[in-house]
Number of protein chains: 2
Amino acid sequence: MGSTARTRVTLKDIAAHAGVSRSTVSLVMQESELVAGATRKRVQEAAAALGYVYNRGAATLRSSRTATVGVVVHDIANPFFGALMAGIDETLQAADYIPFLASSGDSLDRQARFLARMREHRVDALLLCPAEETPAASIEAIADWGMPCIEVMRHVGKSPLGDYVGADLRTGVINAVRHLVIQGHRRITLLAGIADHSADRERLAGYRHAMHEAGLDDLSHVDRGPLTRCAGRERTLALLRGNTAPTALICHNDLVALGALLALSHLGLRAGRDCAVIGVDDIEEAALAEPALSSIATHPRAIGRNAAELALKRIAQPEGERQRIVLEAPLVIRASSRISSAVAQEST
Amino acid sequence: MGSTARTRVTLKDIAAHAGVSRSTVSLVMQESELVAGATRKRVQEAAAALGYVYNRGAATLRSSRTATVGVVVHDIANPFFGALMAGIDETLQAADYIPFLASSGDSLDRQARFLARMREHRVDALLLCPAEETPAASIEAIADWGMPCIEVMRHVGKSPLGDYVGADLRTGVINAVRHLVIQGHRRITLLAGIADHSADRERLAGYRHAMHEAGLDDLSHVDRGPLTRCAGRERTLALLRGNTAPTALICHNDLVALGALLALSHLGLRAGRDCAVIGVDDIEEAALAEPALSSIATHPRAIGRNAAELALKRIAQPEGERQRIVLEAPLVIRASSRISSAVAQEST
DNA sequence: CCTCGTGTTTGGATCGATCCAAAAGTGTCG
DNA sequence: CGACACTTTTGGATCGATCCAAACACGAGG
């Protein structure tokens, strides 16, 4: 209750108070099995009595373990990464680890600065959604520093160099195309991003594969542009104005897809009936849009949890075999991609 | 380029390589003005040549400054806090500080655990959106630890105990009510949350004040309930079904307001013409909703920036006078609160 | 009684920086 | 040339924990 002495309490003080050595106190703090039950109790009581606060910095100096993890995302203001971070946070908290967070804004420069800082702080591991154009050499450099690094959602190079956690967007997009084909769609356009990173390539690969499978190679059309809601609206308006307008759209993410819905309603068309729209991520808003938006669910929170778990595992065994965890990305079908006139079938 | 020796490079190694003492190297690393230009250059070159990495942990042990800041929000998956965090991150990055992040989920227990951890890590300051029901004693305890703490968006107790950064929601809501009254609305309902925290009380105070000012005390109505989009929809449906249905709604946040828009369109009513709706936060989505949503703009990113700046200032002068920064929360009027039949006036 | 093994405890040495008071270097001026 | 002021550099001591080899306690077995 009462505030304790102004002077800092250290292991030495509680050792004196409990009548043992510093080493023993240290062992108690580390929850070691070596120390006898009675002693442990005495030390813990002394620590509580003196209002001791563990100094993790001092411990780090000697042991070079920090109980921290660095997390780099492109933009923490993006709800997708917010949910990802929530999953990471949840898992780390349970293990008494703490995340440092930085937004790279997809800038290589800011990413590099942050990585340097993380190295100075000697985080135990790194969870990295690499900024666009990150060279493979950067990832190798991190490994060279002896810092475990988990790539999340995106990976540099053809296939992940080391540990990786992401969603199976390729299969997700394949399922989306098949679903559309079954409903009779043939002109199916992919609204992709401009940048060429792994997550983008996966969607594209799935799209190409499924269009080919359906014998629709010559009707394939990939539209590239910015990935905001606004852009989604504009891009859709432009596409529908063309003389070979698509009857179905698969959008890079839900924001773009929601923009597409705006465009349709602006033109007095009904999504689902007049033009099918499918997004990616299944953000909360998707289910509540009007009409409800079909989406390929990437479950960011689960990805975050898995990534954090893998990081903890890698900290425990740095030389263990590298893992590549790819979570399912199931297609959630809602009104925006159903021809059926039974509209407004939202769940309450 | 090539990987350096496996053995760790320390100040001592650089000192030997550059032919100076450890102390001098340390001064260079701290960017001190004391050291001569030529020496500084020699040391920097030696550091680069040896691939030196500053060990912040070791520095902390001696100097008890960590260049870190702890941030606690309720839910990082909420876009509002995402934007807030983006502002914080931005400002801290510029000052070479790094944030630890934790979501409390409005749980006192998780908040307490995180605070304890922050104390062990000896962060230089704390940015805290206090969880509901946080006792004033907790905030005092933090100050007692000698850790600067900035309350953000919410504060415990009647008025902030120490430093505080938030938005002027009281004035924002007053402006909203006045705007509605001018348009002829009289039955104006406030859709509030269930919890009783400062940010909630401020909205309520503004509402009461403005309704009284307009002589509408007896028509005042505060509806309390959960604050999700879904809940916003349901609550609005319930309200409009009543026999004294409101003609205007001021919602606790934009999510609730967007839910209200869904409810109106579900009933075949047009927001703005049939029932006015105003939200709080002015999230990106507000401008793009159909019809566009009027909102009291809280500018989370700016709040984040201000909070981080104040934290840096407080670190520099711990005993400086406490500040209470309240940012304007201007009303952004869009179609959802305009009677005028000039609809679909969105900016392109 | 001595040896041995098992379970606990301990005293330096150490991690890698910063702090501080004092020493060394440099130049100016009477 | 020496005193003086000013700039630059330096060598311990220190921060508060962990690590490790060695010491200690104690009961069992020969």
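In what follows, every chain begins at residue 1, and chains take the letters A, B, ... in the order their sequences are listed. Computed from a predicted model, the values in this text were never measured in an experiment.
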Find the distance [X]:[atom1] to [N]:[atom2] and express it as a whole number of Å.
X	N	atom1	atom2	result
B/Glu33	D/dT8	CD	P	10 Å
A/Arg8	D/dC15	CZ	P	11 Å
B/His121	D/dA17	NE2	P	14 Å
B/Met29	C/dG16	CE	C1'	12 Å
B/Leu11	D/dC15	CG	P	19 Å
A/Lys41	C/dT9	NZ	P	15 Å
B/Leu50	C/dG16	CG	C1'	15 Å
A/Lys12	D/dA17	NZ	C1'	12 Å

Notebook entry, point to check: Which nucleotide in the list D/dA17, C/dT10, D/dT9 gets nearest to the side chain of A/Leu27?
Noted result: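 Shortest atom-to-atom distance from the side chain points to C/dT10.
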Would you indicate, yes or no, if [N] has its OP1 or OP2 atom less than 4.0 angstrom from a side-chain nitrogen or oxygen of [X]?
X	N	answer
A/Ser23	C/dT10	no
B/Thr39	D/dT9	yes
A/Gln30	D/dA17	no
B/Ser21	D/dT10	yes

Notebook entry, point to check: Does A/Asp96 come within less than 4.0 Å of A/Arg56, counting only side-chain N to carboxylate O?
Noted result: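 No, this pair does not count.
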Notebook entry, point to check: Heavy atoms, side chains only, cut-off 4.5 Å: are A/Arg117 and A/Phe100 in contact?
Noted result: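 Not touching, per the 4.5 Å side-chain cut-off.
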Checklist line | More than 12 heavy atoms of other groups within 6.0 Å of A/Gln30 CD | finding: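 Enclosed.
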Notebook entry, point to check: Is it true that atom CZ of B/Arg40 has more than 12 heavy atoms of other residues, nucleotides or ligands lying nearer than 6.0 Å?
Noted result: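 Yes, because the 6.0 Å sphere around CZ of B/Arg40 holds more than 12 heavy atoms from other groups.
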Item checked: Main-chain N/O of B/Pro130 paired with B/Arg154 side-chain donor or acceptor, under 3.5 Å ->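 Pair found, side chain donor or acceptor close to backbone of B/Pro130.
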Notebook entry, point to check: Residues two or more places apart in sequence or in another chain: which of them pass salt bridge (Lys or Arg N to Asp or Glu O under 4.0 Å) with A/Asp109?
Noted result: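 Testing A/Asp109 for salt bridge (Lys or Arg N to Asp or Glu O under 4.0 Å), a comparison that skips the adjacent residues, returns none.
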Item checked: Contact list for DNA chain D against residues 55-69 of chain A - heavy-atom distance below 4.0 Å ->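 Nucleic-acid contacts, sorted: A/Asn55, A/Ala58, A/Ala59, A/Leu61, A/Arg62, A/Ser63, A/Arg65.
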Notebook entry, point to check: Under 4.0 angstrom, heavy atoms only, what part of the nucleic acid is B/Thr24 near: base, sugar-phosphate, or nothing?
Noted result: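 Result for B/Thr24 = base.
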Check: Which value, rounded to the nearest 0.5 Å, describes the distance between A/Thr68 atom OG1 and A/Leu126 atom CG?
Finding: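 Here the rounded value is 10.0 Å.
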Margin query: For the OG1 atom of B/Thr91 and the CG atom of B/Leu310, what is their distance to the nearest 0.5 Å?
Written below: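 Rounded to the nearest 0.5 Å, the OG1-CG separation comes out at 11.5 Å.
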Notebook entry, point to check: So, A/Gln93 and B/Arg110: side-chain donor and acceptor under 3.5 Å apart, yes or no?
Noted result: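 A donor-acceptor contact under 3.5 Å links the two side chains.
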Notebook entry, point to check: So, B/Ser103 versus B/Asp75: side-chain donor-acceptor pair below 3.5 Å or not?
Noted result: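 Side-chain D/A pair, B/Ser103 to B/Asp75: absent.
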I'd like a table of atom pairs between the protein and nucleotides 23-26 of chain C - only N or O on both sides, under 3.5 Å - with the distance next to each one.
none

Margin query: Judged by each residue's nearest nucleotide on DNA chain D, which is more toward the 5′ side, B/Ala36 or A/Arg22?
Written below: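 By nearest-heavy-atom nucleotide position, the 5'-most residue is B/Ala36.
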Checklist line | Where at least one partner belongs to residues 8-47 of chain A, residue pairs that pass ring-ring contact (aromatic ring centres under 6.0 Å, His included), sequence neighbours excluded | finding: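 Output for this query is empty, none listed.
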Margin query: So, using ring pair (Phe, Tyr, Trp, His ring centres under 6.0 Å) as the criterion, who are the partners of A/Phe114 when residues are at least two apart?
Written below: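 Expected list: none.
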Identify all pairs in which a protein N or O lies below 3.5 Å from an N or O of nucleotides 5-7 of chain D, and state each distance.
none

